[in-house]
Trainee: 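Below: one structure in structure tokens.
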Amino acid sequence: MKCEERMDRVYIADIAEHEGKEITLKGWLYNKRSSGKLWFLILRDGTGTIQCVISKADVDEATFDVCGELTQESSLEVTGNVSPDKRAPSGYELQVTRVKAVQIARDYPITPKEHGTAFLMDHRHLWLRSSRQTAILKVRHEIIKACRDYFDSNGFTLVDTPIFTPAACEGTTTLFETDYFGEKAYLAQSGQLYSEASIGALGKVYCFGPTFRAEKSKTRRHLTEFWMVEPEVAFADLDDNMDLAEQFLSFIVQRVLENRSEELKALERDTAPLERVVPPFPRITYDEAVDILRKNNVAFEPGGDFGGGDETVISEQFDRPVMVHRYPAAIKAFYMKRAPEDSSKALGVDVLAPEGYGEVIGGGQREEDYDTLVARIEEHDLPREAFDWYLDLRRYGTVPHSGFGLGIERTVAWICKLPHVRETIPFPRLMHRLKP
RNA sequence: UCCGGAGUAGCUCAAUGGCAGAGCGGGUGGCUGUUAACCACUAGGUUGGGGGUUCAAGUCCCUCCUCCGGAGCCA
């Protein structure tokens, strides 16, 4: 009995398989219209939307009246016949025989008209139901799945790294401090150091988790809590690292193009720039990037890091992501290996996404020599005892190794061409936003 | 932290220092093919808080709060 009921339940995405049959849909009322003796209910169920038509002539009075009670976002079950209709955007509508209200929603705050982002963010738990937001969440899901699939099928082992950490990984950014049974602990800003330990066991690893930055950044590219996937590879130099980065990023973009074209279309994303994201990516040095800025009359202090506007100018010179390597060592983290031909440069690489989305990948080759690393820790005024275990990795079978981190939200924002990263994560954490 | 901008009906926004308004949403009624449906009627306000100038302040001044955009920093 119960099984039979279940068999009748159909998802809107599968509606075409049930043409001419009576089925039951379960979902929420997206919108409704009436025309006297007709009701048009727009139902959504997470897989799509469909128009359900109720004609007064075809149903009993109670069923027809229930439709009048239904409000936006009321939950309901609708039974009817699947019929093709040229006027329907999906090609099908449901000729309804029965309507069951599960719950009548009262005063749903998000109307089908314009709202400001502050209001929508206050109602993020409900805003997620909108077609645009569900499209973004599905692209995000696809990107995350592509990350995992790429590494899983290329010999990497997932190694989860801790979120509570005893000290700053890089000593550069501001971390969130927590009380850990009377001791200070910090929320992780990267899993990299732990991944470096893991390659000693497994060779090729990646970690994937939330990371935290307490910087008081207020820009379209910043969240205080964001997700990062970080591969780390033993016996890999900077060039190997760039090979991996371009293969990996291309794989992600092509996967989204293959599997989420409907969502990209719903987001009105021009896919032509994404189709060009195939290897090889241009590789330029920091000094060459500075030349580009000079030729474009951008005021820039050589030796410094690029700002968001600088990154845009650099990336505009290319039709696909560009890899900028060999940054001044002074502006990079202590663990970065110096370039053999010029010790003032670090073997780091940033991948800048096109269309002004800036840095989506940052990484490089790590310093593997014990004495050099000790000297770097001292130069950066970092507490050596905090890095005892990290130095052990250089003491027991050290090897050249490299890795990078990909910021998920920036990648989603770029692929979906969104104006702000806050829409790329279900519940964003920003400087001024901790709720909902 | 710095620079700039904004707070008026549930939402999006108007309002020369002179009666606080519209659209949407809500409510009521109408319509058998609507596509953010439409038509008519209707309810809805301590103009972010406090102080000041003025006969008179949503509007001008001071102050505080909140939010938005950008910078720095970063992915």
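We name chains A, B, ... by the order of the sequence lines, and we start the count at 1 in each one. Computed over heavy atoms, backbone and side chain alike; hydrogens, waters and symmetry mates excluded.
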Trainee: Grab the CG-C1' distance between Leu120(A) and U12(B) for me, whole Å please.
Mentor: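 It works out to 11 Å between those atoms.
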Trainee: Closer than 3.5 angstrom, by distance alone: can the side chain of Arg269(A) be matched with the main-chain N or O of Ile415(A) as a donor-acceptor pair?
Mentor: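 Yes, the answer is positive, given that a donor and an acceptor are paired below the 3.5 Å cut-off.
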Trainee: Whole-Å distance between C74(B) P and Ile331(A) CD1?
Mentor: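 To the nearest whole Å, that distance equals 8 Å.
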Trainee: Ignoring hydrogens and angles, write down the donor-acceptor pairs under 3.5 Å from the side chains of residues 301-311 of chain A, residues two or more places apart or on other chains.
Mentor:
| residue | atom | partner | partner atom | Å |
| --- | --- | --- | --- | --- |
| Asp310(A) | OD2 | Gly307(A) | N | 2.9 |
| Glu311(A) | OE1 | Glu359(A) | N | 3.3 |

Trainee: What closest approach, in Å, do Leu41(A) and Cys67(A) show between heavy atoms, and which atom pair accounts for it?
Mentor: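 Closest approach of Leu41(A) to Cys67(A): CD1-SG, 4.1 Å.
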Trainee: Measure the distance from CG on Asn31(A) to P on G26(B) and round it to the nearest whole Å.
Mentor: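 From Asn31(A) CG to G26(B) P: 9 Å.
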Trainee: Can a side-chain donor-acceptor contact be found between Gln51(A) and Glu93(A) if the only test is distance below 3.5 angstrom?
Mentor: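 Glu93(A) vs Gln51(A): donor-acceptor pair found between side chains.
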Trainee: Would you say the side-chain atoms of Glu142(A) and Asn259(A) include a donor-acceptor pair closer than 3.5 Å?
Mentor: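 There is such a pair (donor and acceptor under 3.5 Å, judged by atom type) between the side chains of Glu142(A) and Asn259(A).
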Trainee: What's the CE-C1' distance between Met431(A) and C74(B), to the nearest Å?
Mentor: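 One finds 15 Å between C1' of C74(B) and CE of Met431(A), rounded.
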Trainee: Output the rounded distance in Å from CG (Leu187(A)) to C1' (A75(B)).
Mentor: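 Between C1' of A75(B) and CG of Leu187(A): 17 Å.
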Trainee: Ignoring hydrogens and geometry beyond distance, is a side-chain donor-acceptor pair present between Thr111(A) and Gln72(A) at under 3.5 Å?
Mentor: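 No - no donor-acceptor pair under 3.5 Å links their side chains.
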Trainee: Name all residues meeting the side-chain hydrogen bond (donor to acceptor under 3.5 Å, both in side chains) criterion together with Asp152(A); count only those two or more places apart in sequence or in a different chain, and write none if there are none.
Mentor: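 With sequence neighbours excluded, Asp152(A) shows a side-chain hydrogen bond (donor to acceptor under 3.5 Å, both in side chains) to Tyr206(A), given in chain and number order.
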Trainee: Between the protein and nucleotides 9-11 of chain B, which nitrogen or oxygen pairs are less than 3.5 angstrom apart?
Mentor:
| residue | atom | partner | partner atom | Å |
| --- | --- | --- | --- | --- |
| C11(B) | O2' | Glu114(A) | O | 3.1 |
| C11(B) | O2' | His115(A) | ND1 | 2.5 |

Trainee: Taking the P atom in each of U54(B) and A22(B), what is the distance between them to the nearest angstrom?
Mentor: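 The same atom, P, in both gives a distance of 34 Å.
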Trainee: Side chains of Tyr335(A) and Gln192(A): is there a donor and an acceptor less than 3.5 Å apart?
Mentor: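 A pair is found: one side chain offers a donor N or O, the other an acceptor, under 3.5 Å apart.
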Trainee: Taking the side chain as C-beta and beyond, is there a heavy-atom pair between Leu267(A) and Lys417(A) under 4.5 Å?
Mentor: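 No. Closest side-chain heavy atoms not under 4.5 Å.
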Trainee: Between Arg106(A) and Arg410(A), just flag the one whose closest nucleotide in RNA chain B comes earlier from the 5' side.
Mentor: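 This one resolves to Arg106(A).
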Trainee: Report, one pair per line, the protein and nucleotides 65-72 of chain B atoms (nitrogen or oxygen only) whose separation is under 3.5 Å.
Mentor:
| residue | atom | partner | partner atom | Å |
| --- | --- | --- | --- | --- |
| C67(B) | OP2 | His432(A) | ND1 | 3.2 |
| C68(B) | N4 | Lys218(A) | NZ | 3.4 |
| G69(B) | OP1 | Arg422(A) | NH1 | 2.7 |
| G69(B) | OP1 | Arg422(A) | NH2 | 2.9 |
| G70(B) | OP1 | Arg220(A) | NE | 2.2 |
| G70(B) | OP1 | Arg220(A) | NH2 | 2.5 |
| G70(B) | OP2 | Arg220(A) | N | 3.1 |
| G70(B) | N7 | Lys218(A) | O | 3.3 |
| G72(B) | O6 | Ser217(A) | OG | 3.4 |
| G72(B) | O6 | Lys218(A) | N | 3.2 |
| G72(B) | N1 | Lys216(A) | O | 3.1 |

Trainee: In whole angstrom, give me the gap between the C1' atoms of U8(B) and C3(B).
Mentor: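 Comparing C1' positions in U8(B) and C3(B) gives a spacing of 27 Å.
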Trainee: Please report the interatomic distance CG(Leu120(A)) to CG(Leu126(A)), rounded to the nearest 0.5 Å.
Mentor: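 If we round to the nearest 0.5 Å, Leu120(A):CG and Leu126(A):CG are 10.0 Å apart.
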Trainee: Of all the base pairs, Watson-Crick or G-U under 3.5 Å, which form stems of three or more consecutive pairs involving RNA chain B?
Mentor: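 As far as RNA chain B goes, consecutive pairing (with distances under 3.5 Å) yields the stems B:1-7 with B:65-71, B:10-13 with B:21-24, B:26-30 with B:38-42, B:48-52 with B:60-64.
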Trainee: What's the gap between C13(B) and C68(B) when it is taken at their P atoms, as a whole Å value?
Mentor: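 Their P atoms lie roughly 14 Å apart.
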Trainee: For nucleotides G49(B) and G30(B), find the distance between their C1' atoms and express it as a whole number of Å.
Mentor: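 Roughly 46 Å separates the two C1' atoms.
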Trainee: So, Glu367(A) and Arg338(A), do they make that salt bridge, N to O below 4.0 Å?
Mentor: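 Looking at Arg338(A) together with Glu367(A), the answer is no, because their closest N to O distance does not fall below 4.0 Å.
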Trainee: Determine whether the aromatic ring centres of Trp127(A) and Phe119(A) lie less than 6.0 Å apart.
Mentor: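 No, they do not, as the ring centres are separated by 6.0 Å or more.
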Trainee: Measure from CD on Glu409(A) to P on C74(B) and round the result to the nearest Å.
Mentor: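 After rounding, the gap between these two atoms is 19 Å.
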Trainee: Is it the case that Asp45(A) and Thr47(A) place a side-chain donor and acceptor less than 3.5 Å from each other?
Mentor: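 Side chains of Asp45(A) and Thr47(A): pair found under 3.5 Å.
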Trainee: Could you check how far CG of Asp107(A) sits from C1' of C24(B), rounded to whole Å?
Mentor: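 In whole Å, C24(B) C1' and Asp107(A) CG are 15 Å from each other.
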Trainee: Just the atom pairs and distances: protein N or O near nucleotides 32-34 of chain B's N or O, under 3.5 Å.
Mentor:
| residue | atom | partner | partner atom | Å |
| --- | --- | --- | --- | --- |
| U32(B) | OP2 | Lys37(A) | N | 3.2 |
| U32(B) | O4' | Ser35(A) | O | 3.3 |
| G33(B) | O2' | Arg87(A) | NH1 | 3.0 |
| G33(B) | N1 | Glu93(A) | OE2 | 2.8 |
| G33(B) | N2 | Gln51(A) | NE2 | 3.4 |
| G33(B) | N2 | Glu93(A) | OE1 | 2.5 |
| G33(B) | N2 | Glu93(A) | OE2 | 3.0 |
| U34(B) | O2 | Arg33(A) | NE | 2.8 |
| U34(B) | O2 | Gln51(A) | OE1 | 3.2 |
| U34(B) | N3 | Gln51(A) | OE1 | 3.0 |
| U34(B) | N3 | Gln51(A) | NE2 | 2.7 |
| U34(B) | O4 | Gln51(A) | NE2 | 2.7 |

Trainee: With P as the reference atom in both, quote the distance from A9(B) to G44(B) in angstrom, rounded to an integer.
Mentor: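 Here A9(B) and G44(B) have their P atoms 15 Å from each other.
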Trainee: Check every strand shown and say whether Asp305(A) touches a base, only sugar-phosphate, or nothing at a heavy-atom separation below 4.0 Å.
Mentor: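 Result for Asp305(A) = sugar-phosphate.
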Trainee: I'd like the P distance from A15(B) over to A75(B), given in whole Å.
Mentor: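 To the nearest whole Å, 45 Å.
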Trainee: Ile361(A) near the nucleic acid: base, sugar-phosphate alone, or nothing, with a heavy-atom cut-off under 4.0 Å?
Mentor: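 The residue Ile361(A) makes sugar-phosphate contact but no base contact.
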Trainee: Measure the distance from CD on Glu311(A) to P on C73(B) and round it to the nearest whole Å.
Mentor: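 The answer, rounded to whole Å, is 11 Å.
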Trainee: For Gln103(A) and Ser74(A), which I'm curious about, is there any donor-acceptor pair between the side chains at under 3.5 Å?
Mentor: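 No pair is found: no donor N or O on one side chain lies under 3.5 Å from an acceptor on the other.
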Trainee: Roughly how many Å apart are G72(B) and G18(B), using the C1' atom of each and rounding to a whole number?
Mentor: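 My reading of the C1' atoms in G18(B) and G72(B) gives 47 Å.
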Trainee: Could you work out the separation of G25(B) and U16(B) based on their C1' atoms and round it to a whole Å?
Mentor: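 Nearest-Å result for G25(B) against U16(B) at atom C1': 32 Å.
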Trainee: Determine yes or no for a side-chain-to-main-chain donor-acceptor pair under 3.5 angstrom, with Arg140(A) supplying the side chain and Thr424(A) the backbone.
Mentor: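 Indeed, once roles are kept as given, a pair shorter than 3.5 Å links the two residues.
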